[in-house]
Amino acid sequence: MTTNLLYGKDLRGDIKNALSLCAMVVTDDNVARLYPELTQNAFVIPAGENNKNQQTLFDILTEMNKRGLKRTDKIAALGGGVVGDIVGLAASLYMRGIAWVNIPTTLLAMVDSSIGGKTAIDFSGVKNLIGAFYPPERVITSYRFLETLLEKDWLCGYGEVIKTCLLTAKSYSLLIDNLDNIIKRDRDAVYALIEKCIEIKQAVVKADPKEKGLRKILNVGHTVGHALEAADGYKSSHGEYVLKGIMTECAMCKDIMDEDFYNQIISVCGRFVTPPRTSVKTVKQRAFHDKKNYGDMITVMLPVAAGEVLHVRIAQDDFTERYDKAIKELKKV
Ligand code: GLY
C-alpha cells in the first residue's frame, strides 16, 4: 500500500476534512488539551512512551469494538510518534486490518515516525518489540502544530532531524549552514529542514519499505540510543537518546571516521545534549537484544562522512573496550 503524504505550513482545512471521514480519532491528553476543536469525540490515551504498551493497544481495540467500527471504516491518529505507532498497530490488528490516517503533531513524528509504515508497541523492556509494517492511507503534516510544541519535544525532534541530515551531503550542509537559526527555531530554517528530512525519509522507505537493506541507514545512533533509552526507563525523550547514541557510536568507531566530520558531529550533538554516563554492562546487555543484530555481534550504522553510512558489526569484547574508551573520550568535550 502506498501512502499519500501531504505536507505544508498550515493544512488545517485538509486535516478537519480527513478527520470528519474517520469513524474514530485517537489522540493523547496533551493534544486533546491543546486542540479541543479537533478532538471533540476522540478517544484520548495518556501521553508518553511509557504508555506505548499492550494495555493502551487493547484499550484502543476495545474502544474500536465498542464504537462498532467495521472493516470499511477508517481510524485516525492525531499526535506524536507514540500515538501514530500504536494506532497504526491497532489498525493493522482490528478485523485483520482497516485503513488509517496519520496526522503527526510533533517534529519527530513529522520527519520520521509518520513516514514508512512502521507501527509498534514496546514490550518486555524492549522498544518497538511488537509491531508490523502497516502504512497509513494518508499522512497530513501541518507544521502549524509546532507552534504549541513542548520544549522537550523540540529536543526530541531534533534528534531525528540531525540523524536524517547526516544521510546526504546536501542535508548535512543545510544543517551545518543553518545550525544557529535552527537552534533559535527560526521558522524558515526549521521548515526547510523538515522538508529536506521528509524527502530523504520518503526516498529511503520507497526504495526499501521492509528494511532489507538501505532503510537500515535510518538507524544511525539507534543501537546505543535504544539501549540507553531502555536502560534509563524512557525518562528523557527518544531524540535525546538518539543524539547521545550518535555521539557514542561515533566515538566508539572514531578510528574509521573522517576526523573533521567526527569532530563536527560531536560538536553539533553537544549543542543539544551531554554525553551518556550509563555503564557498559547495562548498555551492552540491551544493545545485544537489538532487532538489527544477527549472529553474536552488535550492529551499528555509522556515518563515516557526510552522506556516507557504513554497516559496522562489533563483537562482544570489542564492544566493551570501545564503549569504555568512547565514554572517556566524550568526557573531554
Ligand atoms: N525510524 C526508522 C525507520 O522508520 O526506519
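Read the numbers this way: they start at 1 and go in the same order the structure lists the ligands and their atoms.
- Side-chain atoms of Ile121 and Gln54, non-hydrogen and from C-beta on, do get closer than 4.5 Å to each other.
- A donor-acceptor contact closer than 3.5 angstrom is absent between the side chains of Glu229 and His222.
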Exercise for the section: Kindly determine whether Lys74 and Arg138 satisfy side-chain contact (heavy atoms from CB on, under 4.5 Å), including the steps that lead there. Expected result: CA-CA 11 Å; Lys74 279 179 209 168; Arg138 282 192 92 185; over 6 Å; no
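- A donor and an acceptor atom, one from each side chain of Tyr143 and Glu195, are located under 3.5 Å apart.
- At least one N or O atom of Asp112 sits closer than 3.5 Å to an N or O atom of ligand 1.
- Looking at Lys210, Glu211, Lys118, it is Lys118 that brings a heavy atom closest to atom 2 (C) of ligand 1.
- Closest to atom 4 (O) of ligand 1 among all protein heavy atoms lies Lys201 NZ, 2.5 Å.
- Neither the backbone nor the side chain of His222 comes within 4.0 Å of ligand 1, counting heavy atoms alone.
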